[in-house]
Amino acid sequence: LSFIGQRHDCDIIAFDRAPATCDVRALKAGCPGLKHVSLHRERGGPLLRVDQLVDIFRGGLTWQARYRLPAFAEEVRAAIQANYYDAIHVDGIQLTQGLPHMLENGVLSISDCTTLIYKYKIRAAGRLSRLLFSQQRKLVVRREKSLHYSFKVVHVVTERDARYLRRLN
């Protein structure tokens, strides 16, 4: 980020954990091109657990509930409509909420292929968890397929993940 922020104008709309782990002043001092920083708190606590249970029964992805904030999605949509960005970097499929279906200048960093993570979770899980993880994995496969076509660039950490995503599409 400091490399990019020293050479380009940047806006950041992101999540931060409680207690806050991001020192915005230090970030701006090291990145003169950083024009806007907006941090949203990840959801947690009992209401998050309730939403995750609801997701199970509605066929939603339970891990996305932590990042499902209408204010975040709206801020992302508004920023894209109000500005032209040479690149829009999205760090993780859980942060794709609020994005238009296609981002011709979008870069998606998924680090690890979530589908493969579920594959390993299923192998190690007990019977009930295996059912949940299998259901979640099917949803993630659909999500990863659709996102692959929505971004100009998708990058992962390992060649194994890249091969899997290529085969998926």
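Separation of atoms CG (D91) and CD1 (I110) is listed at 10.5 Å; rounding is to 0.5 Å. Going from atom CD1 of I122 over to atom CZ of F133 covers 8.5 Å, rounded to the nearest 0.5 Å. Considering CD1 of I80 and OH of Y85, their distance stands at 7.5 Å, rounded to 0.5 Å. If you take SG on C31 and CD on Q6, they are separated by 6.5 Å, rounding to the nearest 0.5 Å. Between atom CG of residue L108 and atom CD of residue E144 there is a gap of 9.0 Å, rounded to the nearest 0.5 Å. N83 contributes atom CG, which lies 9.0 Å from atom NE2 of H36 (distance to the nearest 0.5 angstrom).
Of all heavy-atom pairs between G5 and C10, the closest is CA-SG, 4.0 Å. Scanning all heavy atoms of the two residues, the minimum distance from G106 to F151 falls at C-CD2, 3.6 Å. Listed here is the closest heavy atom pair of S38 and E75: OG-OE1, 2.8 Å.
Ring-plane geometry between F15 and F72 is classed as tilted, the angle between the planes lying from 30 to 60 degrees on a 0 to 90 degree scale.
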Mind running side-chain contact (heavy atoms from CB on, under 4.5 Å) on L27 and I12 for me, showing each step along the way?
CA-CA 11 Å; L27 188 61; I12 296 177; 4.0 Å; yes
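By the 4.5 Å heavy-atom criterion applied to side chains, D11 and V37 are not counted as neighbours. Counting only heavy atoms from C-beta outward, the side chains of K119 and T115 never approach each other to under 4.5 Å. Put simply, the side chain of L165 reaches to within 4.5 Å of the side chain of V156, judged on heavy atoms. Residues E42 and R66 have side chains in contact (heavy-atom distance under 4.5 Å, counting atoms from C-beta outward).
Panel note: side chain D16, backbone C22; a donor-acceptor pair is recorded below 3.5 Å. At least one donor-acceptor pair closer than 3.5 Å links the side chain of S134 to the backbone N or O of R130.
Using a cut-off of 4.0 Å between Lys/Arg side-chain N and Asp/Glu carboxylate O, D9 and K35 are scored as salt-bridged.
Residue V90 is not grouped with residue V107 when hydrophobic side chains (ILVMFWY) are merged at heavy-atom distances under 4.5 angstrom, including chains of intermediate members. Linking ILVMFWY residues whenever their side-chain heavy atoms come closer than 4.5 Å, directly or via other members, leaves L128 and L132 in distinct clusters. By the criterion of side-chain heavy atoms lying less than 4.5 angstrom apart, applied directly or through intervening Ile, Leu, Val, Met, Phe, Trp or Tyr residues, Y118 is grouped together with L168 in one hydrophobic cluster. Cluster membership check: L139 shares its hydrophobic cluster with V141, using side-chain heavy-atom separations under 4.5 Å among Ile, Leu, Val, Met, Phe, Trp and Tyr. Note on I93 and L116: same hydrophobic cluster, where clusters join Ile, Leu, Val, Met, Phe, Trp and Tyr whose side-chain heavy atoms are under 4.5 Å apart, directly or indirectly.
Listed by chain and number, the residues in a side-chain hydrogen bond (donor to acceptor under 3.5 Å, both in side chains) with R143 are T96 (sequence neighbours excluded).
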All N/O donor-acceptor pairs, side-chain side in residues 43-55, below 3.5 Å, sequence neighbours left out:
| unit_1 | atom_1 | unit_2 | atom_2 | d |
| --- | --- | --- | --- | --- |
| R43 | NH1 | D51 | OD2 | 3.0 |
| R43 | NH1 | A65 | O | 2.9 |
| R43 | NH2 | D51 | OD2 | 2.3 |
| R49 | NH1 | Q52 | OE1 | 2.7 |
| Q52 | NE2 | T62 | O | 3.3 |
| D55 | OD1 | R68 | NH2 | 3.3 |
| D55 | OD2 | R68 | NH2 | 2.7 |

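With side-chain heavy atoms closer than 4.5 Å counting as contact, directly or through intermediates, the hydrophobic cluster containing I4 also holds F3.
With L61 as reference, Q136 is the one residue of Q135, Q94, Q136 to meet the side chain to side chain contact (heavy atoms under 4.5 Å, CB included) rule.
Other residues, nucleotides and ligands contribute more than 12 heavy atoms inside 6.0 Å of the CD atom of E159.
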